[in-house]
There are 2 protein chains.
Amino acid sequence: MVTIADVARAAGVSPSTVSYVLSGKRSISETTRRRVHHSIAQLGYRPNAGARALASNRTNVVALVVPLRTDLNVPVVMQFVTATVTEARSHDHDVLLLTADEGAEGLHRVVASSLADAIIVMDVEAAEPRVPVLRELARPAVLIGVPDHPYELTCVDLDFTAAGADCVHHLADLGHRDIALIGPSPAVYQRGTSYAGRFLSGFRATAASRGVEADALACVPTYDGLRDCLDGLLDRRTPVTGLVVHNEAILGPLLSELAKRDLRVPRDISVLAVCPADVAQAQAVPLSSVDLPAVELGRLAVELAMRQLDGHAEPEVRLLPPRLTARGSTGPVVA
Amino acid sequence: MVTIADVARAAGVSPSTVSYVLSGKRSISETTRRRVHHSIAQLGYRPNAGARALASNRTNVVALVVPLRTDLNVPVVMQFVTATVTEARSHDHDVLLLTADEGAEGLHRVVASSLADAIIVMDVEAAEPRVPVLRELARPAVLIGVPDHPYELTCVDLDFTAAGADCVHHLADLGHRDIALIGPSPAVYQRGTSYAGRFLSGFRATAASRGVEADALACVPTYDGLRDCLDGLLDRRTPVTGLVVHNEAILGPLLSELAKRDLRVPRDISVLAVCPADVAQAQAVPLSSVDLPAVELGRLAVELAMRQLDGHAEPEVRLLPPRLTARGSTGPVVA
DNA sequence: TTGAAAGCGATACCAG
DNA sequence: CTGGTATCGCTTTCAA
């Protein structure tokens, strides 16, 4: 193994000089800098991460806590994860992956054993039990999602309340007076998942203010669950004319089922999804949608964590404004 | 921060004794062991990972390299990742996540800077460029997938050749003489992804030996791509009576499309999938399938890596035997 | 069965 | 602008 001493010897300087060349924490003459870099390249030197962490109290690692749940949208989670890794690497950091089943204990472990400098937590609940723990730990932390009481923690998320509102406005503007939200699985609501509740409240409030009749259903992501939802919404005196779907897993089944019932989109019924743009694009009927910016959220989470590591960053709740793109699955009500 | 010295002082022993209590590398009297454990609990001591790594040359971290590709099946990747983390934790290890875009350089980096003790690589290609690098690195490594030349590296995967064979046998046994494989995206074949080619060859060889007419198509995972495939397979003098689908993303669309063409499954056409059991189960028609044991593979990959770390484990290529479960989407040919 | 102390390979302070 | 060196917290030999 090549050590900093080897490099120093080869370059004819002291180890500390090599260290400073690498860290840039003090000025180095151009000539020595060159010599040092040359020796580093020559020898293929890489600083030992453990030694560096021990001496500097910095691991250059961020911990990322991912949910294990299968009722979440997996591709979205994966997009988020890869975006996080990519962004972390661009800040010269690595990512340590934790699963949520380790709970608060896992957070303790990572911090107490100095495995990571900062923590990013996905799948935040409204009454998030990890919030107090994260506060105690006093490490840079970023939550994806907004708990009811974020205290001094930094959070990033899509502005789901605004997204819910935008969806209603979009349909109301097209003349719809009877719409419905097909939301995530009941389990998601039951555990108080942050985004689900916020979307719902934006949806409800705006429906009220626009005078639109709006139903809201949780939908088990299976064919049977979907059929139950649709039965309730369509087999009645005034069937809904617009659907807002906040449940990625059933977009495909929904479109088949509508086709099976001879309902044309958007002529007979409008469909507006909340999902990543590429998913909306790839459906049998390209769907109008509010984009779920998983990649941008991952990027931003890391960036905010880095800012905290670089010193003074005020805790903040950063909500990305929703972007609604019409792709032809939503249209005016046909009388 | 609580250090080993603090614990030693509290327990009235030397630091080395604490270390040995923790590692179990020499015998300790029951009384001191108890005292030490008590102090550890009392003080909430956690060994510093960096210091430990520096002193022991062991990080207790395994690196996991995941693909960034979107043409792969994302839920399967995610299942694999979480299984890996879970199993690693049960061996007292953590997981450092790398993306494949760092390439061979990323592997070098992780090893040279002592960030991980072992490496697990997903999405292996037939002519895997990382194989020579992994050999040079001389660290425990496990490939998920089998390259053409694994040399001395350990590999785990489903036995896709056998899986391809089993699929043909299953349909042939039911009397099908005209079948087709709807495979992954052309891009997957083009880059020589290990599993795709192996499945195909098992499929072809068995079709030949059973005297079954067998087409094989790569399918772009979109509605248009799927329609193209189906057009070719169904609009001909002898339409296929059985489909083997090795492309998870189009299972849903396929079933809708068949319904649209008034083909009943399995009466008019049999459908046999290669995908995780839960995915097969969740389709509009529960699908007969060969299970893709992502969780078991993740678990096994870690186990084999740990074995290598524990000393002498011969390199091996471990192929899990396929398990075909009939769920009613495959049936006898109706004359 | 236990202790003392020499490293492990960096960083960063104190000097010059 | 550069060097010397104490230090980080733990493991592991060497000794008892």
Side-chain angles (χ1 to χ4, degrees), chain A residues 1-37 39-40 43-61 92 94 109-117 309, chain B residues 1-37 39-40 43-61 92 94 109-117 309:
Chain A
M1 164 178 245
V2 184
T3 74
I4 200 172
D6 299 326
V7 174
R9 210 170 308 123
V13 299
S14 76
S16 56
T17 297
V18 176
S19 176
Y20 284 118
V21 166
L22 252 23
S23 70
K25 289 187 181 173
R26 77 181 181 192
S27 43
I28 302 283
S29 77
E30 191 49 34
T31 52
T32 51
R33 180 206 308 295
R34 245 202 295 281
R35 267 210 313 241
V36 168
H37 274 132
S39 303
I40 287 177
L43 301 175
Y45 167 70
R46 308 266 194 168
N48 178 299
R52 176 174 271 187
L54 182 56
S56 67
N57 276 315
R58 281 286 228 115
T59 62
N60 273 38
V61 168
D92 194 31
D94 275 284
R109 187 176 66 83
V110 162
V111 168
S113 49
S114 293
L115 277 164
D117 301 327
L309 284 172
Chain B
M1 165 178 245
V2 184
T3 73
I4 200 171
D6 298 326
V7 175
R9 209 170 308 123
V13 299
S14 76
S16 56
T17 297
V18 176
S19 176
Y20 284 119
V21 165
L22 252 24
S23 70
K25 287 188 181 173
R26 76 179 183 194
S27 43
I28 301 282
S29 76
E30 192 49 35
T31 53
T32 50
R33 180 205 311 293
R34 245 201 296 279
R35 268 210 312 242
V36 169
H37 274 133
S39 303
I40 287 176
L43 301 175
Y45 166 70
R46 309 266 195 170
N48 177 299
R52 175 172 271 189
L54 183 56
S56 68
N57 273 314
R58 281 285 229 118
T59 62
N60 274 37
V61 168
D92 194 31
D94 275 283
R109 187 176 65 82
V110 162
V111 167
S113 50
S114 293
L115 277 165
D117 301 328
L309 284 172

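All values reported here derive from a predicted model rather than from experimental measurement. Convention: sequence-line order gives letters A, B, ...; per-chain numbering from 1.
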Base, sugar-phosphate or nothing for [X]? Non-hydrogen atoms, less than 4.0 Å.
X	value
B:Ser16	base
B:Val21	nothing
A:Arg58	nothing
B:Val18	nothing

Send over the distance from [X] [atom1] to [N] [atom2], rounded to a whole Å.
X	N	atom1	atom2	answer
A:Ile4	C:dA12	CD1	C1'	11 Å
B:Glu30	C:dT1	CD	C1'	13 Å
B:Arg26	D:dA15	CZ	P	14 Å
A:Asn57	D:dA6	CG	C1'	15 Å
A:Leu54	D:dC10	CG	P	9 Å
A:Arg9	D:dG3	CZ	P	14 Å
B:Arg34	C:dT1	CZ	P	14 Å
A:Arg35	D:dT2	CZ	C1'	11 Å

Return no unless some side-chain N or O of [X] is found under 4.0 Å from OP1 or OP2 of [N].
X	N	value
A:Ser27	D:dC1	yes
A:Ser19	C:dT11	yes
B:Tyr45	D:dC10	yes
B:Ser14	C:dG3	yes
B:Thr32	C:dT2	yes
A:Ser114	D:dG9	no
A:Lys25	C:dT11	no

Test item: side-chain donor near acceptor, B:Ser19 and B:Ser16, under 3.5 Å: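 Their side chains do not contain a donor-acceptor pair, so the 3.5 Å distance test is not met.
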
Donor on one side chain, acceptor on other, A:Ser29 and A:Thr32, under 3.5 Å: yes

Considering all heavy atoms, the nearest [X]-[Y] contact:
X	Y	answer
A:Val21	A:Ile28	CG2-CG2, 3.9 Å
B:Pro47	B:Arg52	CG-NH2, 3.4 Å
B:Ile4	B:Pro15	CD1-O, 3.6 Å

By nearest atom, which of the nucleotides [options] is closest to the [X] side chain?
X	options	value
B:Ser56	D:dT12, C:dG9, C:dG3	D:dT12
A:Tyr20	C:dT1, C:dG9, C:dA12	C:dA12
A:Thr3	C:dG9, C:dT1, D:dC14	C:dG9

Pair of N/O donor and acceptor under 3.5 Å linking D:dG3 base with A:Thr17 side chain: no

Pairwise 5' ranking along DNA chain C for A:Leu22 and B:Ile28, keeping only the more 5' one: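 By nearest-heavy-atom nucleotide position, the 5'-most residue is B:Ile28.
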
A:Ser114 side chain vs A:Val110 backbone, donor-acceptor pair below 3.5 Å: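 Looks like no, no N/O pair under 3.5 Å.
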
